[in-house]
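What follows is a short report on a single structure.
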Amino acid sequence: MAVPVEEAIAALSTFSLEDEQPEVQGPGLWVSTERGATESPIEYSDVSAYRLSLSEDTKALNQLNVLIQEGKDMASVLYTYRSCVKALPQLPDSMKQSQADLYLETYQVLDLEMSRLREIQRWQASAASKLAADMQRFSRPERRINGPTITHLWSMLKLLDVLVQLDHLKNAKASIPNDFSWYKRTFTQVSIQWQDTDSMREELDDLQIFLSTRWAILLNLHVEMFRVNNVEDILQVLIVFVVESLELDFALLFPERHILLRVLPVLVVLATSSEKDSESLYKRVKINRLINIFKNDPVIPAFPDLHLSPAAILKELSMYFQKFSSQARLLTLPAPHELPPREAQDYQRHYLIINHIGAIRAEHDDFTIRFASSMNQLLLLKSTDSADIEWSKEVKGSMYDVIVEGFQLLSRWTARIWEQCAWKFSRPCKDPVPLESHETSASFSDYEKVVRYNYSAEERKALVELVSYIKSVGSMMQRCDTLVADALWETIHAEVQDFVQNTLATMLRTTFRKKKDLSRILSDMRTLSADWMANTSKSEPELQALQHGGEESKSNFFYPRPVAPTAAQIHCLQFLIYEVVSGGNLRKPGGLFGNSGSEIPVNDLKQLETFFYKLSFFLHILDYTATVASLSDLGFLWFREFYLESSRVIQFPIECSLPWMLVEYLLESQNAGLLESALMPFDIYNDSAQQALVVLKQRFLYDEIEAEVDHCFDIFVSKLCETIFTYYKSWAASELLDPSFLFALDNGEKYSVQPMRFSALLKLTRVKLLGRTIDLRSLIAGRINKLFRENLEFLFDRFESQDLCAIVELEKLVDILKHTHELLSKDISIDSFSLIMNEMQENLSLVSFSSRLASQIWSEMQSDFLPNFILCNTTQRFIRSSKVPLVPVQKPSVPHAKPNFYCGTEDLNSAHQSFARLHCGFFGIPHMFSILRLLGSRSLPWLIRALLDHISNKVTTLEPVIIGLQEALPKSIGLLPFDGGVTGCMRLVKEHLNWGKKPELKAEVLRGIKEIGSVLYWMGLLDIVLREVDTMHFMQTAPWLGFLPGLDGQILYSQDGGDSPIVNLFKSATATIVSNPSCPHPTSFQTLSKQAEAADLLYKANMNTGSVLEYALAFTSAALDKYCSKWSNAPKTGFIDITTSKDFYRIYSGLQIGYLEETVQVPSNNHEELGDSVAWGGCTIIYLLGQQMHFELFDFSYQVLNVAEVEAVSITQTHKTDKSSHFGQGWEALLEAMKKARRLNNHVFSMLKARCPLEEKTACAIKQSGAPLHRIKFENTVSAFETLPQKGA
């Protein structure tokens, strides 16, 4: 069944093609052959239909317009001309025989360029002849034809402007004569073989004269003008018209104003150089008026990088026009570089945008508010059926007024940029300050002095702001093109009809009633423009009301229609008004509306003048699209052809490009208000590319622009991503700062981050750049992903260049990076942080249980931590030994990185570094928490197994060394006697333990035992941390799983075999929802219930975690069982072997007393090298070998302490009165060290008894699947440890 068209259209109207992309770019230029809704061709082909005897005027007008367009093309050729000689190859001496071929090739290349110059020469001669003939046609004493019209005057001025610009370009381009000289030289060489070259030589001579003569075009024009008839009258009319237009400044856009300023000094020179009385000019135009105009605008924009100075033009032309050289007052005007300092300051205040940006900002804000209000009113009007006519007229008239004001604002703002650029080009920076260290003041080019170093930071800010205003207003006006078209046409229609049907009717009845000639002209105006059909649509009651309305209702009432007048109608209306005011007399004093000698009343003259200038602006309104594009075109800011030639370089670096300077300023200034306008300067590249292709028609210019844009946009995206990353990194680091730290500071605000708005830029998916559409959001996301990976790579490299104590700093920096990722993820789609982390840790494989960080921690522990760190049992910390390590640790140097790879800013870096320094001198519980959080449950078991294997390897390594120490022991060592006292005991111990011959064995055993003790204590710290984490996890999940804590750490179930609370919750919710008949998808809720059961099983399986320390002790015990027979021999007699035992406890007892004796020696403080880890390692081995009781009974240091106690008691009883007697004199430090060692040994043994009872060993084993078996109990036999994982199993 077919859908009706009305319904299909209604359905389509509900679809929205808009997205959330903000408008932060100027109006885009699309390649299209269709006209815009308000684009009107400026043609005059229908003028003859109005029978105003303007056929000759129209013909000449069309001819001049053709010449103007041709002249602009010629100017484009000259402006973009680049020297060909620089590209010509130079033959080496070995190829001199090919010189003739080279000349021929060079001639063919240069002849193509010279043909363009010959074409310009011929064209300018033809154009000057036609312009002079056109002027002479209207300069005859008798008036034979109508004209010139105002449009004709404008065409004369525009053509004269084109000729002046061509002359100026020809004078400025030094490469043209240079190329011509090469061309003439090659022509001389290659024309030897040619015949009949006289005509070609004459052409060459004419072209040489044309190129070498300054102002040749203007001199030729002067000759053509005064060849037959003098044209003083028409020149004076043009001067009067120019002066009045500039002084009134009404209905002028900036291109028209600049044209008038450029041609005025030339017109004055031409008019003054007449053979007749030249002073007649100054009778019609006072010289002071001219001087004021020249003084108000000492610099006039001509080309993007070329300016004109009226004073300089007048002075230079005075040498070619002798009669003008007598005009002293005009010739004394100073050129821009000759201005006194005070005047230069005044002009600078006028030209620099920074001095006007406040007013411009206010104008922009006010206009955008009123424009939006008018648009809302217009949309409301369009949505209202049968709206009131008066309200409709008011709304559309308001829209028209706002559009006119918008054009005037755009014209004024763009003119300010043109004029500021011209002022900057006329006054280069005298003392540029090098921005780079390798630059010197002598290396600066002229272009750098006028652009790169000629704009201060504040001036760049003001320029960026103004560019943004122009582009935003231009885009806003261009988007509403189709919406405002009818309103504009209706308003123009109403203005014209009100004037011709009402105002002119009143004039005909009053002022011009008896003046037949003027009445005929006014009637012609009504005939050619009155829309009488607009009155026929009135209803009968309205017509009757108008007929009975009395005298006040005599004015015609008409309905506005969207039928705008054509360009020809406006042209004819202006001509007729001019005829009414001047009577066709070109010599009428006082100007166009001066009212000198006119019989027209002032009020009527004012009405005619107002409507006359409104007509001028109607053309801009009717050509709405082209006007908006012209007024918002800023492509001239890129072009630099003149300076490329003068600097003799192929192209300037992008640092000298003004559009890129603005983009770079935006990124580096960190101005939150302007950051959203970062793409506005790229519209300058769009405009310049459009000019290169459409106006200048030069592909090589477009290629250069495209190359620069590709390079600049890549740098822009890179710098923008750096800025975004730095801001979010600083924001994250600021939020993660300790609040108490900020509260204690007086200047805590310096750690806060000023808010910046990146949301608009992060939403851009369609950036229009040189006809391409770029997904900026995708580019930013890709580079941000890369930055996160580079940042993590840097953090890991930094950690690898430090010791294990830096793990806390690493965790802090990773947390900041992770929080940065969370903040950024709210605005842009980037890879998950876990994916980035696993990728950088090389831990993506499902079967990979190691990671880069775990491997580095293990490597660091193996090479630095275990050998060079010592344990302080009191503080539960490992600290670096002050002794120089035997093998220096080779580590890579600390990598250098920007502040944004740390915490964002220097202040935040220093704040977080102050926290990191608190943990850099030791290793303890905070570091263990960091390791646990960084490695996670995936890599931590691998590290634990590596450490346990290290214990096993160390035990294996110690076995032959301990055998060597056993062999060094005497055959019999008895108990230490009490009668010798402490001194005798120590002497006896030294005699028995004669290990001096094998000190390396002793040191190696102590280091091995120390490393074993360090690993076991490290496991103890890890066990503490894991228990705390498990407790927190249990408290979070137990209420949902129905768990209760039981005795001895066991977990009880509160459901007695039933489902857990979370399963019951989802089951009951699912049953309730599914029972509802209106439930749309019951299967999805049943799936949720099944997922809850799966989650219940997974969480319950992970609740039974074991003890890492108990498992490590069981593993160590299993490793020692291999050497139990060698280190723990059973006595043959069944009694304790006191004197001949060489068990491990005896070895360790001897090592301990020797170690303690060395410790108290001042020159060699051995404790700083071994620490308390030796006690943990030695006592653990003794305990696991079942030798604790033997050690406590027969340890040498314990025996010395017992002797010391007995000796102290006996001495006390014998010498109660002898207060000068001291027992154990000289052994106090050693005895105190022995007491500390005994206290430490007792602490270790008590911990071992609690965590690993020998009667029934309790440990934690791990299945092959990785699941833990909680608190498995087994007998204390060697075979029991076969269930534990062994290396290589």
If we only count heavy atoms from C-beta on, is the Leu853 to Phe799 side-chain gap below 4.5 Å?
yes

Checking the side chain of Ser718 only, and the main-chain atoms of Asp714 only, is there a donor and an acceptor separated by less than 3.5 Å?
no

Any Met1032 side-chain heavy atom under 4.5 Å of Val1029 side chain
no

Scanning both residues in full, the closest heavy-atom pair of Ala911 with Phe741 reads CB-CE2, 4.0 Å

Please assess Val808 against Leu918 for the test side chain to side chain contact (heavy atoms under 4.5 Å, CB included), listing each intermediate value before the final yes or no.
CA-CA 10 Å; Val808 174; Leu918 298 176; over 6 Å; no

Using the rule given for salt bridge (charged side-chain N to carboxylate O under 4.0 Å, His left out), can you reason through Arg852 versus Asp797, listing the C-alpha separation, both sets of side-chain angles and the distance that settles it, and then say yes or no?
CA-CA 11 Å; Arg852 175 181 177 180; Asp797 288 343; 2.7 Å; yes

Ion pair check, Arg370 and Glu405, cut-off under 4.0 Å
yes

Do Ser740 and Asp738 have side-chain atoms, one donor and one acceptor, less than 3.5 Å apart?
yes

Minimum heavy-atom distance between Arg777 and Lys763, given as atom pair plus value
NH1-CA, 4.0 Å

So Phe796 and Gln856, do their side chains get closer than 4.5 Å, heavy atoms only?
no

Any idea which heavy atoms bring Ser851 and Ser939 closest together, and the distance?
OG-OG, 3.3 Å

Salt bridge (Lys or Arg N to Asp or Glu O under 4.0 Å) with Glu822: which residues, sequence neighbours excluded?
none

Donor-acceptor contact present, side-chain Tyr469 to main-chain Leu410, <3.5 Å:
no

Judged by atom type as modelled, is there a donor-acceptor pair below 3.5 Å linking the side chain of Lys818 to the main-chain atoms of Phe833?
no

Those residues that, when tested against Phe929, pass ring-ring contact (aromatic ring centres under 6.0 Å, His included) (two or more places apart):
none

Is there a side-chain contact between Met375 and Val484, using heavy atoms and a 4.5 Å cut-off?
yes

Is it the case that Trp638 and Gln691 place a side-chain donor and acceptor less than 3.5 Å from each other?
no

Check: Glu809 main-chain N/O paired with His912 side-chain donor or acceptor under 3.5 Å:
no

Return yes if a side-chain donor-acceptor contact under 3.5 Å exists between Thr625 and Asp481, otherwise no.
yes

Using atom types as modelled and distance alone, determine if a side-chain donor or acceptor of Asp827 lies under 3.5 Å from a backbone N or O of Leu762.
no

Is the backbone N or O of Leu787 less than 3.5 Å from a side-chain atom of Asn791, with the two atoms forming a donor-acceptor pair by type?
no

Under the salt bridge (Lys or Arg N to Asp or Glu O under 4.0 Å) rule, collect the residues that match up with Asp365, sequence neighbours excluded.
none

Using salt bridge (charged side-chain N to carboxylate O under 4.0 Å, His left out), reason through Lys898 and Glu722 one step at a time and then give a plain yes or no.
CA-CA 10 Å; Lys898 294 169 286 189; Glu722 288 281 350; 2.9 Å; yes

Leu764 and Val767: side chain to side chain contact (heavy atoms under 4.5 Å, CB included), yes or no, with the steps?
CA-CA 7 Å; Leu764 290 176; Val767 176; 4.1 Å; yes

With no hydrogens and no angle check, is any side-chain donor or acceptor of Asp775 less than 3.5 Å from a backbone partner on Ser778?
yes

Do the side chain of Ser930 and the main chain of Pro926 share a donor and acceptor less than 3.5 angstrom apart?
yes

Are any of the side-chain heavy atoms of His364 and Trp413 separated by less than 4.5 Å?
yes

Side chain to side chain contact (heavy atoms under 4.5 Å, CB included) for Gln1086 and Ile1073? Distances and angles first, verdict last.
CA-CA 10 Å; Gln1086 292 171 353; Ile1073 294 173; over 6 Å; no

Please verify the inter-ring angle class for Phe725 with Phe901; under 30° counts as parallel, over 60° as perpendicular, anything in between as tilted.
perpendicular

Whether Arg452 and Glu655 form a salt bridge (side-chain N of Lys/Arg under 4.0 Å from carboxylate O of Asp/Glu) is what I want to check.
no

Does a side-chain N-to-carboxylate-O contact under 4.0 Å join Glu793 and Lys786?
no

Check: Ser734 side chain, Ser730 main-chain N or O, donor-acceptor pair, under 3.5 Å:
no

Under the side chain to side chain contact (heavy atoms under 4.5 Å, CB included) test against Val663, which residue among Ser657, Pro681, Ser677 passes?
Pro681

Has Asp831 got a side-chain atom pairing as donor or acceptor with Asn785's backbone, closer than 3.5 angstrom?
no

Does the ring center of Phe713 lie less than 6.0 Å from the ring center of Tyr685?
no

Please state whether the rings of Tyr902 and Phe794 are parallel, tilted or perpendicular, taking 30° and 60° as the class boundaries.
perpendicular

May I have the step-by-step check of side chain to side chain donor-acceptor pair (under 3.5 Å) for Glu708 and Trp660, ending in yes or no?
CA-CA 9 Å; Glu708 182 173 321; Trp660 173 247; over 6 Å; no

Are Tyr455 and Tyr665 an aromatic pair, judged by ring center distance below 6.0 Å?
no

Regarding Arg460 and Ser456, is there a side-chain donor-to-acceptor distance under 3.5 Å anywhere?
no

Could you walk me through whether Ile857 and Leu935 pass the side chain to side chain contact (heavy atoms under 4.5 Å, CB included) test, one step at a time?
CA-CA 10 Å; Ile857 291 174; Leu935 294 186; 4.1 Å; yes

